[in-house]
**Student:** 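Once you've had a glance at the structure underneath, I'll fire off some questions.
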There are 2 protein chains.
Amino acid sequence: MQTFDEIVTLMSARGLRVTDQRKTLAKLFSEAIGYLSPKDVYDHMGKTYSGLSFDTVYRNLRVMEELGVLEQVMFEEGVKFKIHCRENDHHHHMICLGCGKTYPIKFCPMDQTNVPTDFKVIRHKFEVFGHCKACAEEEQVQGGE
Amino acid sequence: MQTFDEIVTLMSARGLRVTDQRKTLAKLFSEAIGYLSPKDVYDHMGKTYSGLSFDTVYRNLRVMEELGVLEQVMFEEGVKFKIHCRENDHHHHMICLGCGKTYPIKFCPMDQTNVPTDFKVIRHKFEVFGHCKACAEEEQVQGGE
DNA sequence: GTGTATGCAAAACATTTGCAGGATG
DNA sequence: CATCCTGCAAATGTTTTGCATACAC
């Protein structure tokens, strides 16, 4: 997790202007638990910053992705963003469908996968979805399936 | 891979009408090698069937997904479809970035993944992207990276 | 013939872009 | 005060929906 200050410093170092919108965005993602869709971001930011426009959200999401602060992932429901993982070693994620919180998986299935020699692997994706302890309990209380 | 005839029979059995558009769609997917986006489908079908509309493509993609004939997968570039895998046992895919052709991976990483007892796994995704023999050779000839 | 599927048009939604005014460094 | 960023509006792309007509059964 990168802190708000680190993000602001990085933006500044790259010659980008530190506007209120960007500060709000940096604060949101530095504190956010899971993945956020552009709409989530717009809604959350709207609370702090009224008169915000959607295009600024998109623009800044892209800026922060190019900065390396955010990472974009495609889910069934669409694009989502979160703070770029800091773990220096390769890893995957368990993702809670309730709160969106992620947990690292150190194990990489590529080590175990028998790839034919004539298939040139470029990238891979391994994600586990489910409910974390808190969200699983909540499900149970509500009698969800 | 399901054959054209099987798809048509299934549609008919479910009380769906076997229209030219649906036949063309069934033929396209029964012969298609990899994943197709709605636009791909529209373009391919347009060749056989002029005066086709986009909404019919979408409607029928959804119909055939509900039928269990097609499966939908979300990629970075958007939604794509392919014939539903027939393999009766659980498996994953290697997907060629060139031609979209898929190859089954029998190995499932979930067996090896150490999931904490308080995380309730619901589903998982494991995909390997790369180039198949033919597409890798083509890349090389063209001097691609 | 009856009812479903299609095509058209328009709506709904997501994302991008041009431009003038405003804020940042 | 020069430039970059923002907000507005409009454009673009994708997917959905309403409705009259056409087609499958």
Side-chain angles (χ1 to χ4, degrees), chain A residues 4-5 7-28 35-67 69-70 72-81, chain B residues 4-5 7-29 35-67 69-81:
Chain A
F4 171 76
D5 289 337
I7 300 171
V8 170
T9 304
L10 181 59
M11 285 201 294
S12 191
R14 292 292 184 90
L16 294 168
R17 301 210 165 149
V18 183
T19 62
D20 284 351
Q21 289 88 334
R22 287 181 178 165
K23 276 190 275 187
T24 311
L25 195 68
K27 189 159 187 297
L28 174 60
Y35 290 85
L36 300 174
S37 69
K39 191 172 182 322
D40 292 334
V41 174
Y42 179 72
D43 292 344
H44 285 235
M45 283 181 71
K47 287 179 194 161
T48 311
Y49 201 96
S50 71
L52 174 78
S53 64
F54 236 111
D55 41 79
T56 301
V57 170
Y58 278 108
R59 270 190 283 238
N60 283 330
L61 283 173
R62 230 179 338 138
V63 166
M64 291 181 73
E65 203 208 341
E66 278 159 18
L67 254 189
V69 170
L70 296 185
Q72 191 187 115
V73 182
M74 186 59 108
F75 292 101
E76 309 300 317
E77 324 87 59
V79 173
K80 297 199 176 184
F81 295 82
Chain B
F4 171 77
D5 289 337
I7 299 171
V8 170
T9 304
L10 181 59
M11 284 201 294
S12 190
R14 292 291 184 90
L16 294 168
R17 301 214 164 145
V18 183
T19 62
D20 284 350
Q21 289 86 335
R22 286 179 179 167
K23 277 190 275 189
T24 311
L25 196 68
K27 189 158 188 297
L28 173 59
F29 275 104
Y35 290 86
L36 299 174
S37 68
K39 190 169 184 321
D40 292 334
V41 174
Y42 179 72
D43 292 343
H44 286 235
M45 284 180 72
K47 287 179 195 161
T48 312
Y49 201 96
S50 71
L52 173 78
S53 62
F54 238 112
D55 41 78
T56 301
V57 171
Y58 278 108
R59 271 189 283 239
N60 283 331
L61 284 174
R62 224 171 352 132
V63 165
M64 291 181 71
E65 203 208 342
E66 277 159 19
L67 254 189
V69 170
L70 295 185
E71 61 187 61
Q72 189 188 116
V73 182
M74 186 60 108
F75 292 101
E76 309 299 317
E77 324 86 60
V79 173
K80 296 199 175 184
F81 295 83

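None of the values given here were measured: they were computed from a predicted structure. Below, read A as the first sequence line, B as the second, and so on, with proteins coming before strands; counting in each chain starts at 1.
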**Student:** Look at B:Gln21 and D:dC23 and indicate whether a side-chain polar atom (N or O) is within less than 4.0 Å of OP1 or OP2.
**Tutor:**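 For D:dC23, OP1/OP2 do not have a side-chain N/O of B:Gln21 under 4.0 Å.
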
**Student:** B:Asp20 has a side chain; which of D:dA24, D:dG7, C:dT15 sits nearest to it?
**Tutor:**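 The nucleotide sitting nearest to the side chain is D:dA24.
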
**Student:** Whole-Å distance between C:dT17 C1' and A:Phe54 CZ?
**Tutor:**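 Taking atom C1' of C:dT17 as the reference, CZ of A:Phe54 is at 16 Å.
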
**Student:** Students often get this wrong, so: under 4.0 angstrom with heavy atoms, is A:Tyr42 touching a base, only sugar-phosphate, or nothing?
**Tutor:**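 Nothing, no heavy atom under 4.0 Å.
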
**Student:** Using atom CD of A:Glu66 as one end and atom P of D:dC5 as the other, report the distance to the nearest whole Å.
**Tutor:**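 Value for this atom pair: 12 Å.
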
**Student:** Any donor-acceptor pair under 3.5 Å between the side chain of B:Asp55 and the base of C:dA9?
**Tutor:**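 Yes, a donor-acceptor pair under 3.5 Å.
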
**Student:** Hey, does the side chain of A:Thr56 come within less than 4.0 Å of D:dG7's phosphate (OP1/OP2), counting only N and O?
**Tutor:**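 Affirmative; the distance criterion is met.
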
**Student:** Classify A:Asn60 by what it touches in the nucleic acid, base, sugar-phosphate, or nothing, heavy-atom distance under 4.0 Å.
**Tutor:**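 A:Asn60: backbone/sugar contact only, no base atoms under 4.0 Å.
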
**Student:** With sequence neighbours excluded, what pairs up with B:Arg59 under the salt bridge (Lys or Arg N to Asp or Glu O under 4.0 Å) test?
**Tutor:**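 Checked B:Arg59 against salt bridge (Lys or Arg N to Asp or Glu O under 4.0 Å); matches are B:Asp55.
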
**Student:** Measure the distance from CZ on B:Arg62 to C1' on C:dT6 and round it to the nearest whole Å.
**Tutor:**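 Between C1' of C:dT6 and CZ of B:Arg62: 15 Å.
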
**Student:** Over 60° means perpendicular and under 30° means parallel, so tell me whether B:Phe81 and B:Phe29 are parallel, tilted or perpendicular.
**Tutor:**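 It falls in the perpendicular class, over 60°.
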
**Student:** Mind calculating the distance between CG (A:Leu61) and P (D:dT6) to the nearest angstrom?
**Tutor:**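 In whole Å, D:dT6 P and A:Leu61 CG are 11 Å from each other.
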
**Student:** Taking only side-chain nitrogens and oxygens of A:Thr19, does any of them come within less than 4.0 Å of OP1 or OP2 of D:dC4?
**Tutor:**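 For D:dC4, OP1/OP2 do not have a side-chain N/O of A:Thr19 under 4.0 Å.
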
**Student:** Using OP1 and OP2 only, check whether a side-chain N or O of A:Tyr58 sits under 4.0 Å from C:dT15.
**Tutor:**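 Result: yes.
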
**Student:** Please report the distance, rounded to the nearest Å, between CZ in B:Arg59 and P in C:dG7.
**Tutor:**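 Whole-Å distance recorded here is 8 Å.
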
**Student:** Categorize B:Gly15 for me: base, sugar-phosphate, or nothing, with a 4.0 angstrom heavy-atom threshold over every strand shown.
**Tutor:**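 Nothing, no nucleic acid heavy atom in range.
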
**Student:** Hey, are the side chains of B:Leu67 and B:Leu16 touching, using non-hydrogen atoms and a 4.5 Å cut-off?
**Tutor:**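 Sidechains of B:Leu16 and B:Leu67: in contact.
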
**Student:** Just compare C:dT2, D:dT15, C:dT17 and give me whichever is closest to any side-chain atom of B:Arg17.
**Tutor:**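 The nucleotide sitting nearest to the side chain is C:dT2.
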
**Student:** When the nearest nucleotide of DNA chain D is assigned to B:Lys39 and to B:Ser12 on a heavy-atom basis, which residue is associated with the more 5' position?
**Tutor:**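 With B:Lys39 and B:Ser12 compared, the 5'-side residue is B:Lys39.
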
**Student:** Taking any heavy-atom pair under 4.0 Å as a contact, classify A:Gly78: base, sugar-phosphate, or nothing.
**Tutor:**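 Nothing, no heavy atom under 4.0 Å.
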
**Student:** When the distance from NZ of A:Lys23 to C1' of D:dC4 is rounded to whole Å, what number comes out?
**Tutor:**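 One finds 16 Å between C1' of D:dC4 and NZ of A:Lys23, rounded.
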
**Student:** Could you tell me whether B:Arg22 contacts a base, only the sugar-phosphate backbone, or nothing, with contacts defined as non-hydrogen atoms closer than 4.0 Å?
**Tutor:**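 Sugar-phosphate contact only - B:Arg22 comes under 4.0 Å of backbone atoms but never of a base.
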
**Student:** Do you know which two heavy atoms are closest between A:Tyr35 and A:Asp40, and how far apart they sit?
**Tutor:**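 For A:Tyr35 versus A:Asp40, the nearest heavy atoms are O-OD2, 4.3 Å.
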
**Student:** By the definition side-chain contact (heavy atoms from CB on, under 4.5 Å), identify the one residue from B:Gln21, B:Arg22, B:Met45 that meets it with B:Thr56.
**Tutor:**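 The single option meeting the side-chain contact (heavy atoms from CB on, under 4.5 Å) with B:Thr56 is B:Gln21.
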
**Student:** Send over the distance from B:Phe75 CZ to D:dT14 P, rounded to a whole Å.
**Tutor:**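 B:Phe75 atom CZ is separated from D:dT14 atom P by 17 Å.
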
**Student:** Rounded to whole angstroms, how far apart are CD on B:Glu65 and C1' on D:dT16?
**Tutor:**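 Interatomic distance, CD of B:Glu65 to C1' of D:dT16: 15 Å.
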
**Student:** Any chance the side chains of B:Thr9 and B:Ser12 put a donor and an acceptor closer than 3.5 Å?
**Tutor:**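 Judged by distance alone, the side chains do not pair up.
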
